[in-house]
Amino acid sequence: MRWLTLYARSRQVPTSLAALLIGAVAVWALARDGSAGPGDPRLPVLVLTTGAMAVSIGLGGQDLALDRTAAIRWMPRRAAHVLLAGAAVAGALLTVQTMGVSVATTAFVVRDSAGLMGLVALGAALSGGQYAWTLPFAWLSWVFFAPPPTSTPMRVAMWMLLPPGTPTGTWTALVITVVGTTAYAVAGPRR
């Protein structure tokens, strides 16, 4: 077997992709039903968060001690893993949109999937791979029930639901992506 196949299997990539596919089919079915309004960002954010949580399980290996003693450099592989997983999450929702169901713009999907993968990576660095999903889940839970943003700190906290092109949402997602990916690439998942 090649190292890439072994890496994908040890990181549970096939299972994560299956969960991502199920989420994409669910959003396609819900959006076709017309239950979400055309400008409502909650459904795409829910799907992107679910996808990010599904791929988060692969951010920790089967044996962290074995990962740490490997003779290969992990920093570029960890960063690539986070970025490719974010591309897969965004790609799943964008693929659904090519089937005639428009739920969000491409800029919105890319911004939110990047920010959510940064949250997942930060969660893996702080809590370990098995709990990496908790940070985006907690943030999404708070965003869904928070009052509408009226101040800059509230807009920063509500970055997931802000319209695309909003500087506050874009910069917040970018900072979360860079900080989370860097923390995970350098430190790896917590034991």
Side-chain angles (χ1 to χ4, degrees), residues 6-24 42 44-70 72-93 109-146 153-162 169-191:
L6 288 172
Y7 181 82
R9 286 179 59 194
S10 73
R11 299 294 190 236
Q12 302 171 2
V13 172
T15 306
S16 297
L17 289 177
L20 196 56
L21 179 65
I22 290 169
R42 291 178 296 175
V45 167
L46 180 62
V47 170
L48 291 171
T49 305
T50 304
M53 289 169 32
V55 299
S56 73
I57 197 71
L59 294 182
Q62 300 294 329
D63 186 2
L64 292 178
L66 181 63
D67 283 356
R68 295 190 190 285
T69 61
I72 57 176
R73 295 177 2 159
W74 281 105
M75 276 185 27
R77 285 178 175 81
R78 287 185 192 127
H81 186 137
V82 171
L83 297 176
L84 288 173
V89 169
L93 187 56
V109 171
V110 169
R111 180 197 71 193
D112 279 16
S113 65
L116 287 165
M117 285 311 299
L119 281 176
V120 165
L122 186 60
L126 295 175
S127 305
Q130 70 272 23
Y131 299 115
W133 60 271
T134 58
L135 196 53
F137 178 78
W139 202 311
L140 176 74
S141 299
W142 185 81
V143 164
F144 267 25
F145 298 109
M154 280 300 288
R155 282 192 294 277
V156 167
M158 303 282 286
W159 66 271
M160 286 185 206
L161 297 178
L162 293 178
T170 304
W171 280 104
T172 303
L174 182 64
V175 167
I176 290 171
T177 303
V178 169
V179 168
T181 304
T182 303
Y184 176 72
V186 171
R190 184 173 179 215
R191 290 183 178 220

If the condition is side-chain contact (heavy atoms from CB on, under 4.5 Å), which residues does A79 pass it with, not counting sequence neighbours? T181, A185

Going by side-chain contact (heavy atoms from CB on, under 4.5 Å), name the residues that satisfy it together with L84, two or more places apart in sequence or in a different chain. none

Quick one: side-chain contact (heavy atoms from CB on, under 4.5 Å) partners of V178, sequence neighbours excluded? L174, T182

Would you mind reporting whether P189 and R78 have side-chain heavy atoms less than 4.5 Å apart? yes

Which atom pairs, donor and acceptor, lie under 3.5 Å between side-chain atoms of residues 48-56 and protein residues at least two apart or in another chain?
residue: T49; atom: OG1; partner: V45; partner atom: O; Å: 2.8
residue: T50; atom: OG1; partner: L46; partner atom: O; Å: 2.7
residue: S56; atom: OG; partner: M53; partner atom: O; Å: 2.6

Restricting to non-hydrogen atoms, name the atom on W139 and the atom on V156 that form the minimum distance, rounded to 0.1 Å. CZ2-O, 4.2 Å

Name each donor-acceptor pair under 3.5 Å that joins a side chain in residues 110-126 to protein atoms two or more places apart or in another chain, with its distance.
residue: R111; atom: NH1; partner: L162; partner atom: O; Å: 3.3
residue: R111; atom: NH1; partner: P163; partner atom: O; Å: 3.2
residue: R111; atom: NH2; partner: W159; partner atom: O; Å: 3.1
residue: R111; atom: NH2; partner: L162; partner atom: O; Å: 2.7
residue: S113; atom: OG; partner: V109; partner atom: O; Å: 3.0
residue: S113; atom: OG; partner: V110; partner atom: O; Å: 3.2

Other residues, nucleotides, ligands: >12 heavy atoms within 6.0 Å of R155 CZ: yes

List the residues meeting side-chain contact (heavy atoms from CB on, under 4.5 Å) with A146, not counting sequence neighbours, and say none if there are none. W142, M154, M158

